[in-house]
Amino acid sequence: MIAFIIRRLLQSVLVMLAVALVAFGLFRFIGDPINNMVGQEATMIEREQLREQLGLNDPIFIQYFRFVGNAARGEFGISYRMARPVADIIAERLPATLELAIISGTAALVFGIGLGVYTALRRDGWLSHFIMSSSLIGVSLPTFLIGILLIYLFSVYLQILPAFGRGEVVQLGWWSTGLLTSSGLKSLIMPAITLGLYQLTLIMRLVRAEMLEVLRTDYIKFARARGLSNRAIHFSHALKNTLLPVITIAGLQIGSIVAFAIITETVFQWPGVGLLFITAIQFVDIPIMSAYLVLISLIFVVINLVVDLLYFAVDPRLRVKRSGKGH
Amino acid sequence: MTNDTQTPLLSVRNLRIEFPTRRGVLVAIDDVSFDISKGEVLGVVGESGAGKSLTGAAIIGLLEPPGRIADGQILLQGEPIHNLPHAQMRKIRGRKIAMIFQDPLTSLNPLFTVGQQIIETILTHKDISEKQARQRAIDLLTEVGIPGPEQRVDHYPHQFSGGMRQRVVIALALCADPELIIADEPTTALDVSVQAQIIALLKKLCKEHQTAVMLVTHDMGVIAEVADRVAVMYAGRLAEIGPVKELVQNPQHPYTKGLMGSIPVLGADIKRLVQIDGSMPRLTSIPKGCAFNPRCKQVFDRCREERPNLIATGKTHAACWLYDNQDKNQDNQGNDQDSQDKREQTA
């Protein structure tokens, strides 16, 4: 078990190093960073001085290790456009994105699993058919379109929810939260639905398919033959086995909720890191772009690690057999 | 049965199971009747698809839709159970009738320890404390011959070998002291060396607990070893039923003869084993008359027209027109006769 965790941690570090390499490469591929920093009238000597000062004349790998070292401490340099440390800018924006992602991710999981189980157990009910057909909307409509439709319906037509922004926020230390004010909560509803709908329908369809599969297995038949109650069979025996493969997909989906909040944040002008990233692209603000890249990869790596550990907790077959022989 | 003071434990009467499909109704089990007395082991043999497992599933009320009991009755201690609502049938499952499935590797839930699964089953049927249930679980594991039950009770199924898992499955079936165990090919998925152990165990336990067994298998060796009586099924119908000794040594129905002839006998000087030509008809194209008639070597006109019922032929009952010459009126009383025979034997 511990060996496994160490191995996985090492793998994670390798992945992060590779990502850091790409993020580091951004600076070089998008042109000479000096050009972005100095004015047009700077002389060659001034440029050379700055180059030396920033360590850009050092061998590539030394520069890379310096980048990694800084990144590990959360330092990604200074935003070209806003002339402030990137770390500060991201720290300001991160709570908005995380709140949105956590709320919509939780909703997607809870409703996805709930509806998935329901539609699997009442396979032929009209409500199940209705849920299954409407879930096609969630899978097939693009996120921005759902957002725009919601804005049209609730903000323009019914005028009950704000069309953009985060509403009022309360500052809790460095964390700014919109969950404590009514305007903040109202503002959260539509972005959360927009962001989580795809994940919800995906998880629901996955849970349903897995559950139907599990209900056909011999051990469920045997559980019935033993006279166990339907509740015990469905929610203890079947659900636990259903969730095993769902954990992987759900984990990745939760990761992508954070990563791809970009579109939702753009549609709703949500002041999170996704919106920050889009603006950074428009202005070729490379330090922010590379920091975002590293941050998102970190979130994915952490989620994958958690998924692997969850597998251990849920599936006894993966645990090391301490008792020795199987006979 | 009418003049019997004792009703049989299980009585299947004219059972008919249908599968409605888009292209019409398939009759998977047609007019099958048999009894099982208390403590008796009834072997049910036949080829794959003959309806052996389906009959077992129907008895325990686990027919998978769209399969349904279209006609006939299943009586447990004289009470009909084929039309019970789910909630009531659930109380019979495990408590009165238990089932053992073919593949022990897939019969146990991989995410729960065997102890959890046994205790859960005990607590479903018996009103005892969890601690007592755990003790009983350990006792059961001891009884089915699992070494070190105190530790093994907390192990997961994947930590057991195939044979050991089937022992666990048997322990699970015995949890609530059922009257009848339906064992659906309990040894087919096991190593040959382990098969004998499991069969011996099943035989021993059922004798001790006075549990009746409906042993579904296509292994005649297993049948000869443990069964008291044998029912031979073919294309969803009973071909022959009778005491194991008579049926093995002196089969009457041409199909049973073929089955017995196809078993190699050590030391016997036979050049070739008997082979039944052709294969069992699909459910969609069961021939008119006797279902076996296209493959039968002794077929005559009547077989192609009329369907035979069970006819007494000495010690066994066979569904074959060859034996109709003695008494034309004697039909379909085979089972009652049979169980009587059996009781006379044991008496």
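So that the names make sense, note that chain A is the first sequence line, chain B the second, and so on, each numbered from 1.
- Atom CG of A:Leu10 has more than 12 heavy atoms from other residues, nucleotides or ligands within 6.0 Å.
- The candidate with the highest count of non-hydrogen atom pairs below 4.5 Å against chain A, out of B:Ile92, B:Val169, B:Thr113, B:Asp103, is B:Val169.
- The two residues B:Ser107 and A:Phe222 make their nearest non-hydrogen contact at O-CD2, 3.2 Å.
- In the displayed structure, B:Glu208 atom CD is contacted under 6.0 Å by more than 12 heavy atoms of other residues, nucleotides or ligands.
- Nearest approach of B:Leu62 to A:Lys221, heavy atoms of both residues: CD1-O, 4.0 Å.
- Interface remark: of the candidates B:His125, B:Met99, B:Lys91, B:Met89, B:His125 forms the most heavy-atom pairs closer than 4.5 Å to chain A.
- Within the structure, the side chain to side chain donor-acceptor pair (under 3.5 Å) test picks out the following pairs touching residues 229-254 of chain A (sequence neighbours left out): A:Gln199-A:Gln253, A:Tyr219-A:Asn241, A:Arg224-A:Asn230, A:His237-B:Asn109, A:His237-B:Glu120, A:Asn241-B:Asn109, A:Thr248-A:Tyr311.
- Nearest heavy-atom pair across A:Gly227 and B:Thr124 is O-CG2, 3.4 Å.
- Contact annotation for B:Arg95: neither backbone nor side-chain heavy atoms come within less than 4.5 Å of a heavy atom of chain A.
- Nearest heavy-atom pair, A:Val314 versus B:Leu111, reported as atom, atom and distance to 0.1 Å: O-CD2, 3.8 Å.
- Within a 6.0 Å radius of CZ in B:Phe19, more than 12 heavy atoms belonging to other residues, nucleotides or ligands are found.
- Within the 4.5 angstrom heavy-atom criterion, only side-chain atoms of B:Ile60, from C-beta onward, approach chain A.
- Annotation for B:Arg68: atom CZ counts as buried by contact number, over 12 foreign heavy atoms lying within 6.0 Å.
- If you measure heavy-atom distances from B:Ile97 to chain A, the contacts under 4.5 Å come from the backbone alone.
- Residues A:Arg216 and B:Glu64 have side chains not in contact (no heavy-atom distance under 4.5 Å, counting atoms from C-beta outward).
- In this structure, no portion of B:His86 lies under 4.5 Å from any heavy atom of chain A.
- Considering OG1 of B:Thr106 and CD1 of A:Ile220, their distance stands at 11.5 Å, rounded to 0.5 Å.
- The two residues B:Pro110 and A:Pro316 make their nearest non-hydrogen contact at O-CG, 3.3 Å.
- The two residues B:His158 and A:Arg317 come nearest to each other via the heavy atoms ND1-CG, 3.2 Å.
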